[in-house]
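Since we're looking at a predicted model, the values are computed, not measured. Indexing begins at 1, ligand by ligand and atom by atom, following the structure's order.
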Amino acid sequence: MSIKTDYEFDYKHIWHPYSSIKEPFPCYQVINAQGCKLKLKNGKILIDGMSSWLAAIHGYNNTRLNYAIKKQIKKMSHIMFGGITHPSAISLCRKLIEITPLSLECIFLSDSGSVSVEISMKMALQYWLGRKENRQKFLALKGGYHGDTFAAMSVCDPNNSMHSLWQGYLNKHYFASAPKCNFYSDWDEKDFNSFAYLIEMHHKSLAAVILEPIVQGAGGMRIYNPRYLQLVREYCTHYGVLLIIDEIATGFGRTGKLFAFEHAKIEPDILCLGKALTGGTMSLAATITTRKIANTISNSSANCFMHGPTFMGNPIACAVAVENLNILQNNKWINQVFNIENQLRKYLLPLNQLKQVADIRILGAIGVIETHNLLNVVAIQKFFVEQGVWIRPFGKLIYLAPPYIIKKHELEKLIGAVILAIEKPVHYLQ
Ligand SMILES: *Cc1c(COP(=O)(O)O)cnc(C)c1O
């Protein structure tokens, strides 16, 4: 066997997200990351426009987050959560309860966003078991994304490949049309018809509604009208259906509010948090619910909540999440996100006039350019790297979601690269 270079080894043996082992897309080797800069093996520096999928909100190699990890490692890196508790988990849960709505007071910690979604769905199902009602269906939105595990996949957009590939494997749920009215446009009552119809028809079999608040992320980067979310809350309350809000992508300031549901001034019954929870350093997620739901879960025949991951409440992850929340607590993020939004508006909105552009959507530290034609992801990503930026488009979407600490000239560089990229015909599939 010949000795392979790292690149060849990776290419031949390692799966990346949604990749093929047979003909993988090229991968770039990053050897370190600092602030908003990623350093490639060949020495090239890239400005980061992704925050590693909306997680690294304070930038990379953050001194305070690093220190929190080091301090915790010296005490213990992990301890089982069954029958044992520890200060970092307690501090984190105290803080999470403090910053989320008053009614949310019972927390389940888990390892990743998808798992926290599984847990939220299981909570809803066990709640109805506790009430001796047979309710096994969920109502979700088209264009939604909730993760890659099986229950999470079953509430993702039904028209993407997850459902076509997994037909027969996934439980069948209900899907309302994706909200069309965008954040800043006038509200049109018709936008809610599909949801209203489905919940009226099926509420007796619905355990919960599950959706992403205000921003639909990986399912299409749509930014919708808060009125839609208000109506969802009203209808859920009216029909006695639980509301699960998946804040995994939007939580911790990304949309200009600490949580995106605040744009609609509503509260969920069950809340999922992940991604930025540890400032992009460790995998950790949380599912938070009300005392009433938690108590009812314990009335089910199991008389406990049926879940318990091995690495539940990992102390390093909890400690760094606490420090992430400490950093957010000084409220610098509000101005940072506000400035990013203004800069995105100023430079991206005019692109609406380009013939290649179908739509521009901006909210908080998220800027989305939707093109008319499918993007050639390999070609455009290569171009971005040549330009010294890290932006990873998908489908017809180029989006920017930089770390909150990004400097004005760094964001300018990201935006400049996007503008150049849009105009090149080779960046589209025919
Ligand atoms: C990323 C994401 C998930 C899944 O989280 P993982 O940590 O990747 O499992 C679920 N819901 C939303 C809205 C997400 O953006």
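Ligand 1 places these atoms under 4.0 Å from at least one heavy atom of G147: 4 (C), 10 (C). Atoms of ligand 1 lying under 4.0 Å from any heavy atom of E212, numbered from 1 in the order shown and given with element: 13 (C). Heavy-atom contacts of K275 reach the following atoms of ligand 1: 1 (C), 2 (C), 3 (C), 14 (C), 15 (O) (cutoff under 4.0 Å). Less than 4.0 angstrom separates some heavy atom of S112 from each of these atoms of ligand 1: 7 (O), 9 (O). If you number the atoms of ligand 1 from 1 as listed, the ones under 4.0 Å from a heavy atom of S114 come out as 4 (C), 5 (O), 6 (P), 9 (O). Atoms of ligand 1 found under 4.0 Å from any heavy atom of H146, numbered from 1 in the order shown, are 10 (C), 11 (N).
Remark: R345 is positioned above the aromatic ring of Y184, its terminal NZ or CZ atom under 6.0 angstrom from the ring centre and at most 45 degrees off the axis.
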*With side chain to side chain contact (heavy atoms under 4.5 Å, CB included) as the test, would you mind laying out the steps for I288 and C106 before giving the verdict?*
CA-CA 6 Å; I288 316 182; C106 300; over 6 Å; no

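Closest approach of P226 to F183, counting heavy atoms only: CG-CE1, 3.6 Å. Closest approach of V322 to K95, counting heavy atoms only: CG1-CE, 3.7 Å.
The distance criterion of under 3.5 Å between nitrogen or oxygen atoms is met by G113 with respect to ligand 1. Polar contact with ligand 1: present for D246 (N/O pair, distance under 3.5 Å).
Checking N295 against Y127 by side-chain atom types alone, no donor-acceptor pair falls below 3.5 Å. Side-chain contact annotation: S185 with N182, donor-acceptor N/O pair under 3.5 Å present.
Aromatic ring centres of F81 and F311: separated by at least 6.0 Å.
At a heavy-atom cutoff of 4.0 Å, ligand 1 is contacted by both the backbone and the side chain of Y145.
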